[in-house]
Amino acid sequence: MSFVYLLIEFLDELVFGIGETAWPLIRTDLHLTYTQIGLLLSIPGIIAALIEPFLGILGDVWKRRLLILGGGVFFTLSLVLTAISKSFLPLLISFIIFFPASGAFVSLSQATLMDSAPDRHAQNMARWTFAGSLGNVLGPILLGIFVYFGLGWRGTYAMLAAVSALCLLA
């Protein structure tokens, strides 16, 4: 089961690595202004900062597995919405969904991994960090491959949604 949690972290950082690299492509494709990009980068994070503490507490006192799965569902849906967004507003909604969903899906997966073997906390944290770093490094490479083959940033996000759905099934 720990492999699935590490895969979730890898996926989250893969999304981050792709997202940060895809900004010029997204800006051009959706004709975004720099003000809109600033809003896309700030509003979802502010909203998530208000929601995630409650998710963390809820994950300690309620059904953590259900919160992880729910977060994964919204994580996946936000990736689909990102892939099909044609303008600023749907992309903003997607990001507003994505940020707290990532908190539930990823942060609670990390907590579960750490709780699963308290005597191996350091090793599991090292594995977690490695999985995330690998995803962050491979994200831009994967985006480059998708762009090279004409699939663009939308195809990359669609693939991420499919991988996320597979993680949910696992």
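If you take CG on L69 and SG on C167, they are separated by 11.5 Å, rounding to the nearest 0.5 Å. If you take CZ on F3 and CG on L113, they are separated by 12.5 Å, rounding to the nearest 0.5 Å. The distance from the NZ atom of K63 to the CD1 atom of I68 is 14.0 Å, given to the nearest 0.5 Å. Here the CG atom belonging to L79 is positioned 13.5 Å from the CZ atom belonging to F74, to the nearest 0.5 angstrom.
By the criterion of side-chain heavy atoms lying less than 4.5 angstrom apart, applied directly or through intervening Ile, Leu, Val, Met, Phe, Trp or Tyr residues, L11 is grouped together with L168 in one hydrophobic cluster. Residues V80 and L30 do not share a hydrophobic cluster, clusters being chains of Ile/Leu/Val/Met/Phe/Trp/Tyr side chains in contact below 4.5 Å. There is no path of hydrophobic side-chain contacts, each under 4.5 Å, that joins F54 to L66. I18 and I141 end up in the same hydrophobic cluster when Ile, Leu, Val, Met, Phe, Trp and Tyr side chains are linked at under 4.5 Å. No single ILVMFWY cluster, assembled from side-chain heavy atoms under 4.5 Å apart, contains both I46 and I37.
Applying the side chain to side chain donor-acceptor pair (under 3.5 Å) rule to pairs touching residues 130-147 yields E13-N136, sequence neighbours excluded. Sorted pairs that involve residues 159-170 and meet salt bridge (charged side-chain N to carboxylate O under 4.0 Å, His left out), not counting sequence neighbours, are lacking altogether. Annotation: side chain to side chain donor-acceptor pair (under 3.5 Å) contacts involving residues 47-60, sequence neighbours excluded, comprise D60-R64. Sequence neighbours left out, the pairs with a member in residues 72-83 that pass side chain to side chain donor-acceptor pair (under 3.5 Å) are T76-S164, T82-S94. Within the structure, the salt bridge (charged side-chain N to carboxylate O under 4.0 Å, His left out) test picks out no pair touching residues 85-112 (sequence neighbours left out). Sorted pairs that involve residues 139-149 and meet salt bridge (charged side-chain N to carboxylate O under 4.0 Å, His left out), not counting sequence neighbours, are lacking altogether.
Residues passing the side chain to side chain donor-acceptor pair (under 3.5 Å) test with D119, sequence neighbours excluded: none. For T28, there are no side-chain contact (heavy atoms from CB on, under 4.5 Å) partners at least two apart in sequence or on another chain. For L40, the side-chain contact (heavy atoms from CB on, under 4.5 Å) partners are W23, L32, F88, L91, L92, F95, not counting sequence neighbours.
Residues V4 and A170 approach most closely at CG2-CB, 3.9 Å, considering heavy atoms. Taking every heavy atom of both residues into account, F75 and S102 meet most closely at CD1-CA, 3.9 Å. Taking each heavy atom of A104 and G71 in turn, the nearest pair found is CB-CA, 3.8 Å. Nearest heavy-atom pair, P53 versus A49, reported as atom, atom and distance to 0.1 Å: CD-O, 3.2 Å.
Proximity of L77 to L81: side-chain heavy atoms (C-beta onward) are nowhere separated by under 4.5 Å. For the pair D12 and I8, the minimum side-chain heavy-atom distance is 4.5 Å or more. Between F105 and L55 the shortest side-chain heavy-atom distance does not fall below 4.5 Å.
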**Asked** Stepwise, does the side-chain contact (heavy atoms from CB on, under 4.5 Å) test hold for F99 with I47?
**Response** CA-CA 8 Å; F99 277 57; I47 292 171; over 6 Å; no
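Cluster partners of L169, using a side-chain heavy-atom cutoff of under 4.5 Å among ILVMFWY residues and allowing indirect links, are L166.
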Indicate every side-chain donor-acceptor pair of residues 142-160 with a distance under 3.5 Å to a residue at least two apart or in another chain.
{"residue": "W153", "atom": "NE1", "partner": "D29", "partner atom": "OD2", "Å": "3.2"}
{"residue": "R154", "atom": "NE", "partner": "D29", "partner atom": "OD2", "Å": "3.1"}
{"residue": "R154", "atom": "NH1", "partner": "A83", "partner atom": "O", "Å": "2.9"}
{"residue": "R154", "atom": "NH1", "partner": "S85", "partner atom": "O", "Å": "2.5"}
{"residue": "R154", "atom": "NH2", "partner": "D29", "partner atom": "OD2", "Å": "3.0"}
{"residue": "R154", "atom": "NH2", "partner": "S85", "partner atom": "O", "Å": "2.8"}
{"residue": "T156", "atom": "OG1", "partner": "G152", "partner atom": "O", "Å": "2.8"}

Counting only pairs under 3.5 Å, give me each side-chain donor-acceptor contact of residues 120-132, with atom names and distances, residues two or more places apart or in other chains.
{"residue": "N124", "atom": "OD1", "partner": "R127", "partner atom": "NH1", "Å": "3.1"}
{"residue": "T129", "atom": "OG1", "partner": "M125", "partner atom": "O", "Å": "2.9"}

